[in-house]
Amino acid sequence: MHIIGNVVIYGGLIFSIYSFFIILIGIKLNRQSFVDSGKAGIVAIFFLASLSMGMMLFILGTSQFQYEYVAAYTSTNLPLIFKWTALWAGNAGSLLLWLFLLTLYSFILVVSKNLKKTPMIPYISLVMLGNIIFFYLILAVLSNPFTLSDISVVEGKGLNPMLQAPGMILHPLTLYLGYVGLSVPFSFAIAALLLKNIDSYWIQITRRWTLIAWLFLTLGNIVGGFWAYVELGWGGYWAWDPVENASFMPWLTVTAFLHSVMIQERKGMLKVWNLSLIIISYLLTIFGTFLVRSGILTSVHAFANSTLSLYFLIFLAIAIIISLYILMSRFQLLKHDQATISSFISKESSFLINNLILLGAAFTVFWGTIFPLISEAVKGVKVTVGIPFFESVMPPIFLSLIMLMGVCPLLAWQRSSSKKLGRNFLLPALMSLLIGISLLVTGVQDTYALVSFTLVAFMVIAHILEIVRGVNARRKITDENYVIAIYRLFTRNRRRYGGYIVHIGIAMIAIGIIGSNNFDTEKKITLDRGEKTTINYYDITYQDIGLERKNKNDIVYTTMVISSNGRILKTLKPEKIFYQNWDKPSSEVALYSTWKEDVYIVLTSWETDGKATFLIKINPLMKWIWVGSLVVVLGTIFAIWKGKYGNITPKYKGVQRRVS
Amino acid sequence: MEILHQNIRVCKEGYRNMRQLFFLLILVIYSSILPTDALGETHEHQKRFNKASSQFMCQCGCGQSVSACSMESCGVNDAFKKDLTEKINNNMSIEEIKDYYVDMYGESILASPLKKGFSLTVWLTPFIVIISGIVGFIIFMRRKQNKEMSNLPNVDVNLIDETTYKIINDERKKFL
């Protein structure tokens with residue numbers, strides 16, 4: 001198995017180098033047979049990568065501890081699902097996953113019927129193969145998952161108990177699907193530049209790819225936040241950790257890209273801008289994986305003992321230089337053909353400002369993430385740029401974005417008059433002000449929170465009014481009832497109304513973040529058995545402490561009863577788990593969640609006389625974050641879904657070549 | 001827990017000397033409330049402690065703040081929290097506490113950089129970049145509009161009367 005594993009890795013490397021050069025020669029000499037050979041090579045590479053994955057899952061699942069990787073991340077008593085998820089617990093396995101996804105996407109592109117005979121395919125394949133070669137080189141030379149152990153290992157070290165959670169199944173996988181998914185629009189963009197295509201074909205054909213990649217990035221970030229919230233026991237969901245930032249930055253730039261491409265498709269504007277955005281987004285995914293594996297910044301997510309940083313840095317530098325060179329060499333061609341924004345008060349202009357703010361946010365996160373290195377280089381002191389920085393700087397940026405999300409639907413394409421804008425603006429502005437005032441009257445005193453809630457309300461109301469206008473316009477013509485009118489309005493304009501659903505989801509997330517950041521309360525208290533404590537209007541009674549054994553692990557649990565106004569709401573059991581295979585215990589958080597707030601209890605310590613110490617937090621509006629995230633996901637799926645209407649596969653009308 | 005067992009044994013042996021007993025009683029109370037309850041129970045103290053502890057990085061290498069450190073039995077964090085509690089109980093302000101620790105450990109102890117010196121750039125740069133981008137866009141749009149206005153054909157005012165000229169000018173402004 002070890003020999004087969006290595007043969008498959010080296011074989012994949014050889015095939016990918018062969019495919020790269022044969023396609024390159026085929027393009028230069030206009031030989032279709034060479035290009036077809038390269039495409040067949042890609043199919044073979046996908047087969048080999050699948051074989052590697054299959055073998056890896058097999059040796060992990062069967063606990064073959066003679067392999068270093070299996071011994072490092074699994075143990076005999078680990079549940080099968082976590083033996084498999086250990087595939088992405090370490091460096092080598094996660095690189096194999098990245099490689100597999102690259103080969104999968106390359107395979108899909110070369111066999112796709114929609115792209116048959118498209119002259120872009122050889123160029124797209126070259127870009128994808130460039131990435132595949134790099135990852136194969138790393139796996140073959142530096143981080144081989146099939147490396148045998150030098151010593152005989154009877155039992156593995158096991159998986160970190162914090163990783164033995166449902167989040168481990170979804171979080172890394174969805175993030176990787178998102179990261180690697182961006183390689184497709186990136187490849188199309190580079191191919192379009194190489195071919196000197198200045199139309200929007202590459203955007204139209206990759207729209208769904210980009211949306212799906214964005215969806216997975218969104219899911220990955222949300223699942224990660226939820227996992228941190230329920231598992232880590234500090235009561236938060238986002239720590240602005242460098243690796244978290246690394247997954248947030250491409251999300252921001254791709255969000256900007258998804259908006260600005262609409263302008264290129266409709267008006268032929270912002271071509272250079274869109275190309276730059278997708279290049280930056282992809283480079284940020286490489287930067288993110290560099291951060292995780294380099295250890296240059298302290299992070300709870302970083303892989304231990306990685307020596308890959310220099311190679312990723314070189315790869316990143318090469319990717320930056322090549323991408324910039326290709327873009328700059330086509331700059332005049334792109335600029336020459338471009339239309340321009342004619343009015344400041346227009347949808348195009350608001351989209352561009354939206355892009356500027358999103359990019360500003362991405363820059364802020366990037367700047368805060370790398371500043372410790374800059375500080376160390378300049379002053380010799382490695383400062384930390386953590387939560388207090390981001391929680392001061394990011395809110396005004398995001399609030400201005402939310403305000404813009406409310407204004408933009410009110411603007412027309414090309415040009416809006418100030419008078420019309422004012423008329424459209426008045427009702428949502430007044431209604432949101434009313435909401436702000438009622439919040440103030442009902443006790444929300446914090447100015448920042450008040451302004452934030454008012455802006456979110458403005459955004460939501462603006463969207464609802466847009467939908468109402470659309471439904472009314474439709475009913476005037478078709479005389480349908482409201483339900484059918486809404487249904488048909490949405491399903492005939494999936495992209496637009498899917499986007500509106502996503503915006504509503506973002507508003508819900510914003511409400512949750514504002515509530516949980518500004519109005520949370522916390523208490524650390526030691527209680528005796530039967531003793532009660534009060535936090536806000538909850539009475540929390542510590543009933544008993546006990547010990548049980550589950551799956552060879554010792555669990556200390558406490559029984560807590562939450563009541564309010566004499567009514568019992570729930571019984572919770574915060575726990576501390578002591579593992580057989582791990583020297584550090586972990587906390588199982590107990591959670592009582594409602595739309596209004598979460599009661600969050602962590603057992604921190606206890607004594608022999610039965611006294612126990614708890615961290616109790618009240619986190620307002622937390623549920624809005626998770627449900628809002630679900631709405632974002634559903635809105636995206638709605639936008640991506642093919643449906644019955646508007647499914648036109650864009651036809652390639654660009655530069656023709658003799659090979660395809 | 002082990003600390004507690006030891007203290008109780010010592011207590012039993014120390015009955016002969018009242019001064020020793022008194023001192024040991026204080027020690028028992030102190031060790032039984034720490035690290036389990038380093039924070040005191042008053043709401044204001046709790047709030048100040050939470051705010052203060054989120055300003056400092058845990059030195060155990062976990063990469064988290066003192067308030068968020070989830071490393072079990074993080075002795076480093078417990079000792080820091082104990083020291084922090086003392087300072088809060090002595091009514092030191094958060095800024096004073098920050099200055100104290102920065103003097104002792106350097107700026108790397110903080111969870112975010114100081115707002116002075118070179119570190120001020122981390123706070124200002126994002127806003128400078130965003131505002132510059134938006135202002136640059138506005139200037140670009142204004143220049144474009146002026147260019148388009150100057151590119152429009154000039155009206156020969158001798159050929160038309162004043163009223164017509166005014167109408168044309170108004171329409172021209174509306175277009176731009």
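Here is the naming used below: chain letters follow the sequence lines, and residue numbers restart at 1 for every chain.
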Student: For chain B, find which of A/A361, A/A612, A/G386 contributes the most heavy-atom pairs closer than 4.5 angstrom.
Tutor: A/G386
Student: Heavy atoms only: give me the nearest A/P388-B/S54 pair and the separation to one decimal.
Tutor: CG-O, 3.6 Å
Student: Counting heavy atoms not belonging to B/K51, are there more than 12 under 6.0 Å from its NZ?
Tutor: no
Student: What distance separates A/L356 CG from B/I131 CD1, expressed to the nearest 0.5 Å?
Tutor: 12.5 Å
Student: Select all residues of residues 113-122 of chain B having any heavy atom within less than 4.5 Å of some heavy atom of chain A, and report them by number, or 'none'.
Tutor: B/P113, B/F118, B/S119, B/T121, B/V122
Student: Please round to the nearest 0.5 Å and tell me the distance separating atom OG of B/S65 and atom CD1 of A/I387.
Tutor: 5.5 Å
Student: So, taking the atom named CD in B/E107 and the one named NZ in A/K382, what distance separates them when rounded to the nearest 0.5 Å?
Tutor: 14.5 Å
Student: Is it true that, when you exclude A/M403 itself, more than 12 heavy atoms of the residues, nucleotides or ligands shown sit nearer than 6.0 Å to its CE?
Tutor: no
Student: Considering only heavy atoms, which portion of A/V378 lies under 4.5 Å from any heavy atom of chain B: side chain, backbone, both, or neither?
Tutor: side chain
Student: Less than 4.5 Å to any heavy atom of chain B: does that hold for the side chain of A/P396, its backbone, both, or neither?
Tutor: side chain
Student: With the side chain counted from C-beta on, respond yes when A/V393 and B/P126 share a heavy-atom pair under 4.5 Å apart, and no when they do not.
Tutor: yes
Student: How long is the span from the CH2 atom in B/W123 to the OG1 atom in A/T364, to the nearest 0.5 Å?
Tutor: 12.0 Å
Student: Could you grab the distance from atom OG1 of A/T384 to atom CZ of B/F56, nearest 0.5 Å is fine?
Tutor: 12.0 Å
Student: Which region of A/V381, side chain (C-beta onward) or backbone (N, CA, C, O), has a non-hydrogen atom less than 4.5 Å from a non-hydrogen atom of chain B, or is it both or neither?
Tutor: side chain
Student: Quick one: what part of A/I397 sits under 4.5 Å from any heavy atom of chain B, side chain, backbone, both or neither?
Tutor: side chain
Student: Among B/L110, B/I134, B/T125, which has the most heavy-atom pairs under 4.5 Å with chain A?
Tutor: B/T125
Student: How many angstroms lie between CZ in B/F137 and CD1 in A/I353, if you round to the nearest 0.5 Å?
Tutor: 5.0 Å
